[in-house]
Trainee: 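Here it is, the structure in full.
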Amino acid sequence: MSDEERQLYFQALREGLELAEYRMLRDKAMRNLTIVQDDGKHGVREVSARQVFKEIYKEEVPTF
């Protein structure tokens, strides 16, 4: 595998993971669920997916 092929592979992998995260957050926000996040102090916290979705993507949560 050449360096160019490796870079393309990792780029596609990164884009796929970003899309999966977006869809997961959107789905959980639409259902008014929570997600577990790292608190930055070697612990975890439970937060509203709706709040996180709005902060990260600057979009309103779609309704279904």
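The shown structure was predicted, so the numbers you read here are calculated from the model rather than taken from an experiment. We're numbering straight along the sequence, starting at 1.
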Trainee: Please report the closest heavy-atom contact between D39 and R45, naming both atoms and the distance.
Mentor: CB-CD, 4.2 Å
Trainee: Hey, what do you get for CD1 (I56) to CD (Q51), rounding to the nearest 0.5 Å?
Mentor: 10.5 Å
Trainee: Measuring from atom CZ of R50 to atom CG of L25, what distance do you get when rounded to the nearest 0.5 angstrom?
Mentor: 12.0 Å
Trainee: Students often mix this up, so state it plainly: with edges at 30° and 60°, are the rings of Y22 and Y57 parallel, tilted or perpendicular?
Mentor: perpendicular
Trainee: Between E15 and Q11, is any side-chain donor less than 3.5 angstrom from a side-chain acceptor?
Mentor: yes
Trainee: How many angstroms lie between CG in L8 and CE in M1, if you round to the nearest 0.5 Å?
Mentor: 9.5 Å
Trainee: According to a 4.5 Å side-chain heavy-atom criterion applied to Ile, Leu, Val, Met, Phe, Trp and Tyr, with indirect links allowed, do L33 and M24 form part of one hydrophobic cluster?
Mentor: no
Trainee: Could you tell me whether the side chain of R6 reaches within less than 4.5 Å of the side chain of F10, counting heavy atoms only?
Mentor: yes
Trainee: Looking only at heavy atoms, which two atoms of K28 and T34 are closest? And how far apart?
Mentor: CD-O, 4.1 Å
Trainee: Which heavy atom of P62 sits nearest to which heavy atom of M30, and what is that distance?
Mentor: O-CG, 3.0 Å
Trainee: Could you work out, with side-chain hydrogen bond (donor to acceptor under 3.5 Å, both in side chains) as the rule, every residue matching E21, not counting sequence neighbours?
Mentor: none
Trainee: Shortest non-hydrogen contact from I35 to A49?
Mentor: CG2-CB, 4.0 Å
Trainee: What verdict does the salt bridge (charged side-chain N to carboxylate O under 4.0 Å, His left out) test give for R23 and D27, after you've listed the backbone C-alpha separation in whole Å, the side-chain angles of each residue and the deciding distance to 0.1 Å?
Mentor: CA-CA 6 Å; R23 288 179 178 171; D27 180 61; over 6 Å; no
Trainee: Say you draw a straight line from CD of Q37 to CD of E46; how long is it, rounded to the nearest 0.5 Å?
Mentor: 11.0 Å
Trainee: Quick check: do E60 and K54 have side-chain heavy atoms less than 4.5 Å from each other?
Mentor: yes
